[in-house]
4 protein chains.
Amino acid sequence: MTKENITIAALRLFLLRGYKYVSLVDIAGEAGITKGGIYHYFGSKEEVLCTALHYLFDRFEAKYQELFSCSQGVREILDTVIAEREMERYTYQLLGIRKGDYRLNFAGLILEVIQNFPEIQGRIDRNHALFCQAIETKLKQAMEQGEIRSDLDSHALAILILTMLNGQNSLGEQLNTPLLRKQMMDNLWQLLDRK
Amino acid sequence: MTKENITIAALRLFLLRGYKYVSLVDIAGEAGITKGGIYHYFGSKEEVLCTALHYLFDRFEAKYQELFSCSQGVREILDTVIAEREMERYTYQLLGIRKGDYRLNFAGLILEVIQNFPEIQGRIDRNHALFCQAIETKLKQAMEQGEIRSDLDSHALAILILTMLNGQNSLGEQLNTPLLRKQMMDNLWQLLDRK
Amino acid sequence: MTKENITIAALRLFLLRGYKYVSLVDIAGEAGITKGGIYHYFGSKEEVLCTALHYLFDRFEAKYQELFSCSQGVREILDTVIAEREMERYTYQLLGIRKGDYRLNFAGLILEVIQNFPEIQGRIDRNHALFCQAIETKLKQAMEQGEIRSDLDSHALAILILTMLNGQNSLGEQLNTPLLRKQMMDNLWQLLDRK
Amino acid sequence: MTKENITIAALRLFLLRGYKYVSLVDIAGEAGITKGGIYHYFGSKEEVLCTALHYLFDRFEAKYQELFSCSQGVREILDTVIAEREMERYTYQLLGIRKGDYRLNFAGLILEVIQNFPEIQGRIDRNHALFCQAIETKLKQAMEQGEIRSDLDSHALAILILTMLNGQNSLGEQLNTPLLRKQMMDNLWQLLDRK
DNA sequence: CATGAATGAGATTTCATTCAT
DNA sequence: TATGAATGAAATCTCATTCAT
C-alpha cells in the first residue's frame, strides 16, 4: 500500500519534472511519509525510478492490448489514441490527477532515462515493440477486412504512428491543440483510406 | 573566441547527457579552461544553457531556410530531412564531432528545458514555428506547381512532418534504422503524391 | 535462549568487523530474528555490546582460571597460550564457528571499545588484571618449586606476557605464523629458564 | 598547505577516536575550513584516511631509520622506544599536540583499517616489516660487537619487540605506567644481556 | 514475543557560485 | 582574463530507535 503510494507519487513527480529534478524529500512529501521511510521499500532512488517505470509500462501494455484488440474500427481507435490522446488521459487517471493540475511529460522522462540508465533501456524498447505489435496486428486485420488499403507495409505504418505519438509530446501548446491533432489524424486517414 | 568555445563545449555535453547531468567542471574541462573562468563570460549555468540553445537555434533556423528555399523538389528535401536526418548530421558538424563518437539526444534536451526553464520555452516554440513555416511555404509552392496533391491542409501537414521528426528521436536503435526511415518516408509520399 | 542467540550473533559480528561496522539489521539477521525484536531484550545497541563483552569476559576469566590453575608446568601452559593461541581457539569454539570461516579481531574490538565506550573500560581493565593475576600466581608457584628462575619480578613478567599476547593480534599474517610464535616462546623461555 | 592541514587534522581525530567515529564535519572544523572544502583536495573520506596514513607511515619509517641507525647502544635505543614510548612522543610532536591533551590509539586505528580497508593493508604490512628490519639490523650489529648475547635468532627477537610495542597500546593506564614499562625493559634486557 | 512500518538525526557527497589573487 | 580555494545548500543514503499491531 505505502509502497504503491510511493511508486505513484514518484511517477507523478518524475513525469512532471524529470528524474533529476525530483528529490527524495519531494517524493516523500507527495507520498505522505518521510525521506527515510522510502528506504524501507527501495534500496535507492534509482530503484524507485525502475519500479515506477515498470509499474507504468505494465499498465500501458495492458492498455495497448485493450485498445487495439477491441472490436472498434481502426479509424475510431486511431482517433482515440492520436486525436484524443487516450494514453495521456489514462496516465492522469492512473496517477489520480486531473488533467488541468499538472502537465506530464512522458517523452522527456523516457529520453532522460534512455540516456542515463542503461538497465531500463530494455524495458523501454520492449514497451515500444509491444505497442508497435498491437497496432500492426490491428492494421493487418483491417487490411484483410478491406477496412483500409492493403498495399502499404503494416510494420512501417505502425512505427509511423508510434513516431507521431511520441513526437506530439515535444510540441508546445500552440502546435498541440485538439483541432490540429484532429487534422493530423485526417491526413493520416487520407493515407490509409481505401479511397 | 573563448566564449564560443565554452558555448559549443556546453552544447555538446548538454546534448549528450542532458543539462542536469553536466557539471560546470565538465564543461570547463571540455572547453579547456577552469570552472571559475566560465563566470567571466556567463552569469550562471542556466545562462550557459540559454546561450547554447540560442546559438543552436540561430543556426538551425538559418539551416531551415537554406533547406526549404532551395530549388529542389519537396520529395528530395523531405528525404534529406526525414530519411537521412540532415539536421542531426548538421548538428554533428556544427559541434565538431564525428557521428560515431557521440550519440546526441536533441529531443531529450528540449524536453528537459521545456519542463524546467520557462524562459527558454518561447525560443523553442519560435523555432518550431519557423520550422513549420518553412515547410508550409514549400508545401504550398509544391501544391501550386502540381508537384503534390493540393486538397490537403498545408499547415496541418507541416505539423505532421515536424511531429514525425521529433518522434524519431524517442525511438530506440531498432526502430530508427535507415531502412525504416525510408519506409516511413515512402508512406508519407503515398499521402502527398498527386497519384 | 533468544537473548543468548542475539548476544552470540552480535559478538561474532563485532569481533569480525568492529562495532561501528555492524548494524542491528546485521545482528538480527545473524540471530534469525528482526531488528525490532532485539529491543525486547536490549535497550540499545550499546547495551548489546556491553552484554556481549561481559558474556565473553565471563567465559574468558573462567578459562584463565582453568588454564593457569591446572597442574601442568609453566612452559606447557605458556606454549598453549602464546604459541598455540588457545584463547583464540576457545573464542571460535564459543561462537560456534570454524576457524577458517572467519578471522576474528579481538584486539581491534577492544581498542574501539576502549576509545569510545568509557563505561566498559572498567570491565576490560578487570579482565586484564585477572589475567595478570592468574599468570602471576602460576609464576610464583613455579619460582618456589624451582621450575623457573626466581630473581625476576613476577608481576612485571605477567604484564610482559599479557603485552605479548595483545601485541600478537596486531600483526599481519606474515608476522604471526605458528613458527614465529614458537620462536618467540623459545626466546621467552630463555629468559625464564633457570639455566 | 591546506591539504596538509586537513591531513593532520584528520590524522589527529582518527587516532583519537577511530575512522568511523570521525565525521567530515569534525575534520573540517579541526582544519579550520568547511565540509565541502575537503572535497577540493580529496575525492572521498576514505582517500583522506589513506593520505593521512601514508603521511604518518612516511614519517614513522624515517624515524625508525633515525632511531636504529644511530650510534647509541641497543639498550639505550630499546629504553627510548619501549620504556619512554618514543614513537608515541614523536606522533604527538608531529600532530602538534601536547601529550596531556589527547590519548592517541595508534593500534586501534590500524586494526580498524586492516579489517575494513584492504587497499591500505599493504602499506601497514610494509611498515611493520620495515620496523622489524630496522630492529633486526641493529640487533645483528650488537651481537657481532659482543654487546648482547649472540645465540638468539635476531628475526624472532625483532618480532618479539614489535609485538611488545603493539601490545602496550592495548593496556589500560594501570598496566602501562613508566615504572612497569621500565621493569618490562629490564626483563627484556635480562634476556639479551651477554651475562 | 515479535514484526515491520516509520522516523529523524546525521553522514557522505555533489556542485553552482563567489572571490581573492 | 583566468585560476583555484572555499563556501553552503541540497541531495542521497544509513541506521538506531520507536511504536502500533
Might you point out which heavy atoms bring B:Ala10 and B:Val48 nearest each other, and give the distance in Å?
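Of all heavy-atom pairs spanning B:Ala10 and B:Val48, the closest is CB-CG1, 3.5 Å.
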How many Å lie between [atom1] on [X] and [atom2] on [N], as a whole number?
{"X": "A:Lys3", "N": "E:dG4", "atom1": "NZ", "atom2": "P", "answer": "14 Å"}
{"X": "B:Ile27", "N": "E:dC15", "atom1": "CD1", "atom2": "P", "answer": "12 Å"}
{"X": "D:Ile33", "N": "E:dA20", "atom1": "CD1", "atom2": "P", "answer": "18 Å"}
{"X": "B:Ile6", "N": "F:dT1", "atom1": "CD1", "atom2": "P", "answer": "11 Å"}
{"X": "D:Phe42", "N": "E:dA11", "atom1": "CZ", "atom2": "P", "answer": "19 Å"}

Test item: side-chain donor near acceptor, D:Thr2 and D:Asn5, under 3.5 Å:
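Distance-only check fails for D:Thr2 and D:Asn5.
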side-chain hydrogen bond (donor to acceptor under 3.5 Å, both in side chains): which pairs involve residues 103-112 of chain A, sequence neighbours left out?
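Qualifying pairs: A:Glu112-B:Tyr21.
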Tell me the side-chain hydrogen bond (donor to acceptor under 3.5 Å, both in side chains) pairs involving residues 32-52 of chain A, sequence neighbours left out?
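Sorted result for residues 32-52 of chain A: empty, none.
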What's the closest nucleotide to the side chain of D:Thr34 if the choices are F:dG8, E:dT7, E:dT3?
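Looking only at side-chain atoms, D:Thr34 lies closest to F:dG8.
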Is the backbone of A:Tyr102 close enough, under 3.5 Å, to the side chain of A:Tyr92 for a donor and an acceptor to pair up by distance?
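Yes, because the side chain of A:Tyr92 sits within donor-acceptor range (under 3.5 Å) of the backbone of A:Tyr102.
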Please report the distance separating the C1' of F:dT21 from the corresponding atom of E:dC1, rounded so that it comes out in whole Å.
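Nearest-Å result for F:dT21 against E:dC1 at atom C1': 12 Å.
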Could you pull out all donor-acceptor pairs under 3.5 Å where a side-chain atom in residues 117-125 of chain B meets a protein atom, sequence neighbours excluded?
{"from": "B:Gln121", "atom 1": "NE2", "to": "B:Ile114", "atom 2": "O", "distance (Å)": "2.7"}
{"from": "B:Arg123", "atom 1": "NH1", "to": "B:His54", "atom 2": "ND1", "distance (Å)": "3.0"}
{"from": "B:Arg123", "atom 1": "NH1", "to": "B:Asp58", "atom 2": "OD1", "distance (Å)": "3.1"}
{"from": "B:Arg123", "atom 1": "NH2", "to": "B:Asp58", "atom 2": "OD1", "distance (Å)": "2.9"}
{"from": "B:Arg123", "atom 1": "NH2", "to": "B:Glu61", "atom 2": "OE1", "distance (Å)": "3.0"}
{"from": "B:Arg123", "atom 1": "NH2", "to": "B:Glu61", "atom 2": "OE2", "distance (Å)": "3.3"}

Relative to the 5' end of DNA chain E, which residue comes earlier, B:His40 or A:Gly32, by the nucleotide with the nearest heavy atom?
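First, find each residue's nearest nucleotide; the 5'-ward one identifies A:Gly32.
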Could you pull out all residues at least two apart from C:Phe60 that satisfy ring-ring contact (aromatic ring centres under 6.0 Å, His included)?
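Only C:Phe106 meet the ring-ring contact (aromatic ring centres under 6.0 Å, His included) criterion with C:Phe60.
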Within 45 degrees of the axis of the six-membered ring of B:Phe42 and under 6.0 Å from its centre: does B:Lys3 put its NZ or CZ there?
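Flagged: B:Lys3 positioned over aromatic ring of B:Phe42.
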Can you confirm if the NZ or CZ of B:Arg12 lies within 45° of the ring axis of B:Phe14 and under 6.0 Å from the centre of its six-membered ring?
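That pair does not qualify as a cation-pi contact.
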Stem regions touching DNA chain F, defined by at least 3 consecutive Watson-Crick or wobble G-U pairs below 3.5 angstrom:
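So far as stems of 3 or more pairs are concerned, DNA chain F shows E:2-21 with F:2-21.
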Atom pairs under 3.5 Å: protein N/O with N/O of nucleotides 13-16 of chain F:
{"from": "F:dC13", "atom 1": "OP2", "to": "A:Tyr39", "atom 2": "OH", "distance (Å)": "2.9"}
{"from": "F:dC13", "atom 1": "OP2", "to": "A:Lys45", "atom 2": "N", "distance (Å)": "2.8"}
{"from": "F:dC13", "atom 1": "O5'", "to": "A:Tyr39", "atom 2": "OH", "distance (Å)": "3.3"}
{"from": "F:dC13", "atom 1": "N4", "to": "A:Lys35", "atom 2": "NZ", "distance (Å)": "3.2"}
{"from": "F:dA16", "atom 1": "OP1", "to": "C:Lys45", "atom 2": "NZ", "distance (Å)": "3.1"}
{"from": "F:dA16", "atom 1": "OP2", "to": "C:Leu24", "atom 2": "N", "distance (Å)": "2.8"}

With DNA chain F as reference, determine whether D:Tyr41 or B:Ile38 sits nearer its 5' end, using the nearest nucleotide of each.
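Upstream on the strand: B:Ile38.
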Does the side chain of A:Thr2 get closer than 4.0 angstrom to OP1 or OP2 of E:dA6 through an N or O atom?
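Indeed, a polar side-chain atom of A:Thr2 lies that close.
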